[in-house]
Amino acid sequence: SQPRTINNVVCWDGIEVDITKQKLIEDELIRARDKAEKNEIQLNAILEKSPTGFAINKISTGEVTYVNKAFADAYHIPIELCTNVSTFFEYVYGDQMEMANKILDDINSNDPERMKWEVVPITEKKTKEIFYVTASNMMLRKLDLMISTVTDITSQVRNEGELKKAKEKAEESGEKFRKLSANVPDLIFQFTRRPDGSYYVPIASDGIKNVFGCSPEDVLDSFEPIAKVIHPEDADRVISDIEYSATHLAYFTSEFRVQIPGREIQWIYSRSTPEKLDDGSITWYGFNVNITQRKKIEDELIKAKEKAEESDRLKSAFLANMSHEIRTPMNGILGFTNLLLQPDLSGEEQEKYIDIIKKSGDRMLTTVNDIIDISRIEAGLEELNASEININEQMNYLYSFFKPEAEKKGIKLVYKNELAEKEHGIVTDPDKFNSILTNLIKNAIKYTEKGVVEFGYALINKDQTQELKFYIKDTGIGIPKNRQKAIFDRFVQADIEDIQAKQGSGLGLAISKAYAEMMGGNIWVDSKEGKGSTFYFSIKQMPVSKAKPSIIDNQIKEEENLREKLNILVVEDDETSQQFISLVLEKLANKIIMVQSGLEAVEISKKDTEIHLILMDIQLPGMNGYEATKEIRKFNKEVIIIAQTAYALAGDKEKAIEAGCNDYITKPINQEELVYLIKKYWEK
Ligand code: ADP
């Protein structure tokens with residue numbers, strides 16, 4: 001209103017306008033301004049503190065209108081230089097124009113996709129170190145503004161780099177480990193027990209395939225593939241050893257068996273050292289080795305040691321028994337010889353004593369022969385000498401030989417011959433064949449008190465080869481099951497303090513077994529205690545080419561008168577033997593000349609051309625029997641020379657023949673055999 005004075009009265013002229021609306025608008029504006037200011041302050045505070053860098057610049061001029069500290073820091077540029085885009089570029093990318101151009105290109109492309117840069121490596125202006133940022137730009141062209149954001153990612157990138165490097169290094173050393181361990185057939189491992197008690201194997205060499213049958217990957221997280229192949233009888237022990245090692249942090253060592261399906265059981269030796277980890281796990285580093293071979297050798301050594309001890313024991317027992325087997329008949333011989341010397345013995349008594357002496361002598365000879373046979377077998381000196389024999393004749397001979405002995409005991413002896421005559425021939429070693437059969441029939445009679453002893457044989461054609469199976473069946477004492485294998489072992493009879501064993505060396509069956517096996521066959525027994533036994537043995541036909549003519553199939557016949565009496569030269573240095581031979585030869589000889597050395601024998605043969613037969617001892621003082629024979633043969637090819645030796649060793653016969661002898665006889669000389677031999681040559 002406008003004042004004026006009228007009549008000294010001041011008065012105002014004016015108008016009144018309603019400004020309420022205006023006032024309201026004003027208030028709102030003030031509030032909006034305050035709010036905006038407040039927002040801006042808040043926004044600024046946020047932006048200032050933000051780890052993300054922000055900058056706003058005008059697109060047209062490049063003038064920077066806002067920049068926060070994080071932005072300058074991220075680009076390693078002093079904030080006061082961030083006034084203009086070009087100054088910024090100049091500073092930051094001055095040395096990296098290529099990068100700068102690429103970024104500018106991206107910006108100018110107007111393609112929002114190209115405005116984001118995940119990892120931008122920038123060389124720091126001063127230190128020349130590389131730092132990394134992630135950046136993005138937004139263009140607000142209508143407002144002529146570009147908003148840039150940036151984050152410093154140097155530490156992440158570095159960490160990632162470290163991580164990658166560490167990973168690469170680990171991979172490299174893993175690779176080295178694989179290469180190193182690839183040629184080791186055993187298992188090298190790291191093995192861990194988690195705090196919850198479960199196990200896994202973070203590192204395992206390829207050898208795990210050999211040891212546990214699984215791959216390193218199979219056990220990376222689990223122990224199951226290993227647990228399931230550890231032998232059930234060893235598993236508890238292994239686990240408790242591991243637990244002990246874990247509790248005491250003592251090294252783990254164990255030997256256990258592993259059974260992988262389809263493979264043989266293997267023995268494994270495991271050794272490792274434990275370490276406690278920060279998280280409470282325990283981890284072991286170590287190795288597993290397959291020791292199956294070592295175990296086998298160990299077992300064999302233990303067995304061999306036990307066997308050696310056992311055979312030592314058996315041999316002592318054997319010697320004791322042999323001593324007994326030689327002393328007993330020896331006592332008989334000496335004792336009854338003394339008795340024989342008594343005057344006034346009746347003829348009957350004399351006969352009885354002589355019979356005992358003869359039986360004792362026979363028994364001793366059997367023992368000595370058995371010992372020689374078994375020694376030959378053990379020394380590998382026994383060989384096969386094949387010839388064609390007629391089995392039936394042999395069996396008949398043995399039948400008539402043993403019949404009187406069986407009858408004397410009240411036992412019936414039966415020989416069953418069910419084969420056709422042409423099937424009776426076989427090529428084999430007659431001596432060994434006879435020895436087996438004789439031994440088995442002898443035993444059958446020996447161990448039977450009443451009933452029947454029956455023997456016979458059958459022909460078996462097995463894959464083209466002819467095989468004969470013999471049986472000797474008795475109704476005797478039988479053999480307990482647990483002894484049926486042992487009786488074929490040498491020395492065993494000696495060991496058993498056997499109530500069942502009658503007198504005998506206990507070698508007979510061992511010899512028979514060795515012979516049967518040499519002849520391509522076998523020997524076995526089927527027996528029931530108290531009921532009786534059946535012994536079986538088989539032999540194979542030997543190739544005919546190996547056969548030599550044999551004298552064994554000629555039985556010793558009853559003594560016949562010779563056409564003429566003989567002049568016999570006996571070369572023998574032992575007086576008892578001389579006497580014995582003289583007695584034996586009495587009936588056959590016209591004249592007996594006794595000499596004691598090889599030299600004498602040669603000399604007398606030169607002078608006396610009427611000598612028909614020479615019985616040549618081999619072991620002689622000075623010139624031995626072989627040498628003497630050779631000498632004699634130089635001037636006399638006709639005279640029959642029969643070698644006599646006490647050794648009965650393999651090769652003696654061959655040596656005698658080679659030296660020029662016609663035949664060979666073992667001492668002590670069996671009268672019938674000698675007569676048979678002489679006749680054989682004389683009747684030719
Ligand atoms: P020995 O010289 O003692 O007879 P062997 O080797 O011939 O030796 O026999 C060994 C053992 O086998 C004998 O001691 C005996 O215990 C047993 N034996 C052998 N043959 C028979 C059989 N026909 N009946 C019962 N036992 C037998």
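Given the structure is predicted, the values throughout are model-derived calculations rather than measurements. Read the numbers this way: they start at 1 and go in the same order the structure lists the ligands and their atoms.
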Inset, instruction - Report yes or no: does G476 have a heavy atom closer than 4.0 Å to ligand 1? - result: no
Legend entry - Name of the residue among V414, L440, L413 meeting side chain to side chain contact (heavy atoms under 4.5 Å, CB included) with F455: L413
Legend entry - Sidechain N-carboxylate O distance under 4.0 Å for K513, E517: yes
Inset, instruction - Would you mind listing which atoms of ligand 1 come within a distance below 4.0 Å of any non-hydrogen atom of I479? - result: 25 (C), 26 (N), 27 (C)
Inset, instruction - Check ligand 1 against S533 and write out every atom of the ligand that is under 4.0 Å from a heavy-atom position of the residue. - result: 24 (N)
Inset, instruction - Would you kindly specify which portion of I472 sits under 4.0 Å from ligand 1, judged on non-hydrogen atoms: side chain, backbone, both or neither? - result: neither
Inset, instruction - Would you mind reporting whether Y515 and E382 have side-chain heavy atoms less than 4.5 Å apart? - result: yes
Inset, instruction - Please determine if G478 has a nitrogen or oxygen closer than 3.5 Å to a nitrogen or oxygen of ligand 1. - result: no
Legend entry - Q350 atom CD, over 12 foreign heavy atoms within 6.0 Å: yes
Legend entry - N-O pairing of K295 and D299 below 4.0 Å: no
Legend entry - Those atoms of ligand 1 less than 4.0 Å from some heavy atom in L509: 5 (P), 6 (O), 7 (O), 9 (O), 10 (C), 12 (O), 19 (C)
Inset, instruction - Could you list which atoms of ligand 1 come closer than 4.0 Å to a heavy atom of K446? - result: 1 (P), 2 (O), 4 (O)
Inset, instruction - Give yes if a backbone or side-chain nitrogen or oxygen of F535 is under 3.5 Å from a nitrogen or oxygen of ligand 1, and no if not. - result: no
Inset, instruction - Return the orientation label for the Y415 and Y399 ring planes: parallel under 30°, perpendicular over 60°, tilted otherwise. - result: tilted
